[in-house]
Amino acid sequence: MMQNGMDILHHQNGSTNSVHGHQNESKTNLIVNYLPQTMTQEEVRSLFASIGEVESCKLIRDKVTGQSLGYSFVNYHRMEDAEKAINTLNGLRLQNKTIKVSYARPSSESIKGANLYVSGLPKNMSQIELESLFAPFGRIITSRILCDSFQPFVDPTSGVADPSNMSKGVGFIRFDQRMEAERAIQALNGTIPKGFNEPITVKFANNPGNNSKAIPTLAAYLAPQITGRFAGPIHPTGRFRYIPLSSLAATTTAGKTMLAINKGLQRYSPLANEIVQEPVLPGNTIAGTGWCIFVYNLAPETEENMLWQLFGPFGAVQSVKVIKDLQTNKCKGFGFVTMTNYDEAVIAIQSLNGYTLGNRILQVSFKTNKNKM
DNA sequence: TGGTATT
């Protein structure tokens, strides 16, 4: 593929710059952002190979779970292919995403940790206005305003937000350099920008993949809640921000709120206006003792120590079992935990059902007896 | 406090 004349370089002073080296990687190396979660490295490579010969392709994955982080590097042999890839593939819609293709910045420590979390923004603030506020402090790589809306799109050129977009008053700004981000924090955190009514908070964003939802956090948070009764809504103490209240699986039926933890174990009592316990035969137990809990949506690499860690804080755990494929020795996506005490099992189910582990939302319930239900 | 912008 050396037939277009571009490969014959003329050096003015007889220097020996290699045509084959990596000295111009900044013009051949691309970063591809907003890839669909399910897209594999080979699929990315195939897509970009349609433009020209790819020297390397690396999809970035979570170190622990192996899940795609949604971005990739693609290095071409030739600068013109990289440029063509930007021109033809940037903005391409794949599944539910619009990919972004741009030159990768040379890697360095100074560009890491440059993402800021901003809260207290006026609800009508556009993305353009947000960038204007931060632009004095450096080169903005990306910005985002979080919305409640189902339709997250805000035209980035006009800055016009769809009226159906309900800003949460929270945004992110990624600078090119960490120092720029630090300057913005110094200048803006706690201040009331011109035209604002409230002070804004500016701080470094949580960096992704750092296990901010780690198990010890969950355990430390929930252990004091084990009281033998329904725990009810659990309020953050400030140090821990994350608890899946959705795990309570509240549903509204005919105007009445029910906790759908396990049909047959509780029913709604109109008189007491609360969930009442009903005695249940231990048909979901192993060997007639303890309460068997079904845990679904576990990652393939899940080991049994994970289940011990997850359920241990809630009380006495008799046994755990991760169901594995015999061929691959990988978890088939579910497992079982047997707990001694009913009340502790209920709270474990309440607390862990809906809990996000890695990128997966766990489904936790009492094991059902398929013969009966 | 998103969905994942530095291998």
Side-chain angles (χ1 to χ4, degrees), chain A residues 22 25-26 28-39 41 44-45 48 54-76 86 90 94-121 127 130 138-154 156 165-178 180-181 185 189 200-214 217 236 238-245 356 358-361:
Chain A
H22 297 271
E25 191 172 274
S26 65
T28 60
N29 195 26
L30 302 179
I31 186 165
V32 187
N33 295 107
Y34 311 111
L35 290 166
Q37 172 65 231
T38 57
M39 198 164 178
Q41 180 167 287
V44 175
R45 176 186 275 271
F48 283 80
V54 170
E55 187 272 332
S56 64
C57 174
K58 182 161 191 177
L59 180 68
I60 307 304
R61 302 173 183 277
D62 184 288
K63 289 189 182 83
V64 176
T65 69
Q67 301 264 38
S68 166
L69 293 182
Y71 68 97
S72 176
F73 294 93
V74 175
N75 191 31
Y76 282 101
I86 292 173
N90 183 39
L94 293 174
Q95 298 172 31
N96 55 337
K97 296 292 184 73
T98 301
I99 68 169
K100 179 177 176 181
V101 183
S102 55
Y103 288 114
R105 293 170 287 162
S107 183
S108 83
E109 283 302 309
S110 70
I111 67 173
K112 296 177 181 172
N115 198 23
L116 293 180
Y117 166 82
V118 188
S119 61
L121 298 169
Q127 187 180 5
L130 177 66
R139 174 185 167 206
I140 294 169
I141 303 298
T142 56
S143 68
R144 163 175 265 124
I145 291 180
L146 302 188
C147 297
D148 290 323
S149 169
F150 177 70
Q151 185 179 41
F153 186 76
V154 178
N165 279 329
M166 287 264 291
S167 166
K168 296 166 84 164
V170 167
F172 292 88
I173 293 276
R174 181 183 299 280
F175 279 105
D176 181 44
Q177 300 289 319
R178 184 179 175 96
E180 297 168 342
I185 291 174
N189 183 40
I200 61 172
T201 297
V202 183
K203 52 203 210 183
F204 285 114
N206 292 339
N207 41 14
N210 69 346
N211 275 341
S212 59
K213 288 175 273 191
T217 296
R239 203 155 84 79
F240 306 112
R241 67 174 173 82
Y242 182 84
I243 191 67
L245 292 177
T356 302
N359 289 328
R360 295 160 177 269
I361 297 176

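Letters A, B, ... are given to chains in the order of the sequence lines, protein chains preceding strands, and every chain is numbered from 1. Heavy atoms only: backbone and side chains are in, while hydrogens, waters and symmetry mates are out.
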Considering residues at least two apart in sequence or located in another chain, which fulfil the ring-ring contact (aromatic ring centres under 6.0 Å, His included) criterion with F204(A)?
none
When you measure from the side-chain N and O atoms of R61(A) to the phosphate of dT7(B), is any distance below 4.0 Å, counting only OP1 and OP2?
no
Can you tell which of dT1(B), dT6(B), dT4(B) lies closest to the side chain of I31(A)?
dT6(B)
How long is the line joining CD of E180(A) and C1' of dA5(B), in whole Å?
14 Å
Please classify the nucleic acid contact of K100(A) as base, sugar-phosphate, or nothing, using heavy-atom distances under 4.0 Å.
base
Identify, between K97(A) and S56(A), the residue whose nearest nucleotide on DNA chain B lies closer to the 5' end.
K97(A)
Base, sugar-phosphate, or nothing: which does S102(A) touch, judged by heavy atoms less than 4.0 Å apart?
base
Distance from L121(A) atom CG to K168(A) atom NZ, nearest 0.5 Å?
13.0 Å
Please tell me whether Q67(A) and D62(A) have a donor and an acceptor in their side chains that are separated by less than 3.5 angstrom.
no
Nucleotide nearest I60(A) when distance is taken to its side chain, options dT7(B), dT1(B), dA5(B):
dT7(B)
Taking only side-chain nitrogens and oxygens of K58(A), does any of them come within less than 4.0 Å of OP1 or OP2 of dT6(B)?
no
Heavy atoms of other groups near I361(A) CD1, more than 12 under 6.0 Å
no
In chain order, what residues pass the side chain to side chain contact (heavy atoms under 4.5 Å, CB included) check against N115(A), with sequence neighbours excluded?
F172(A), R174(A), A205(A)
Round to a whole Å and report the spacing from CG of L59(A) to C1' of dT6(B).
13 Å
Of the candidates dT6(B), dG2(B), dA5(B), the side chain of S107(A) sits closest to dT6(B)
Examine dT1(B): is either OP1 or OP2 under 4.0 Å from a nitrogen or oxygen in the side chain of N206(A)? Give yes or no.
no
Atom CZ of R144(A) and atom P of dG2(B) are separated, to the nearest Å, by 11 Å
F73(A) near the nucleic acid: base, sugar-phosphate alone, or nothing, with a heavy-atom cut-off under 4.0 Å?
base
So what does N96(A) touch, heavy atoms closer than 4.0 Å: a base, only the sugar-phosphate, or nothing?
nothing
Of the listed dG2(B), dT4(B), dT6(B), the closest approach to the L69(A) side chain comes from dT4(B)
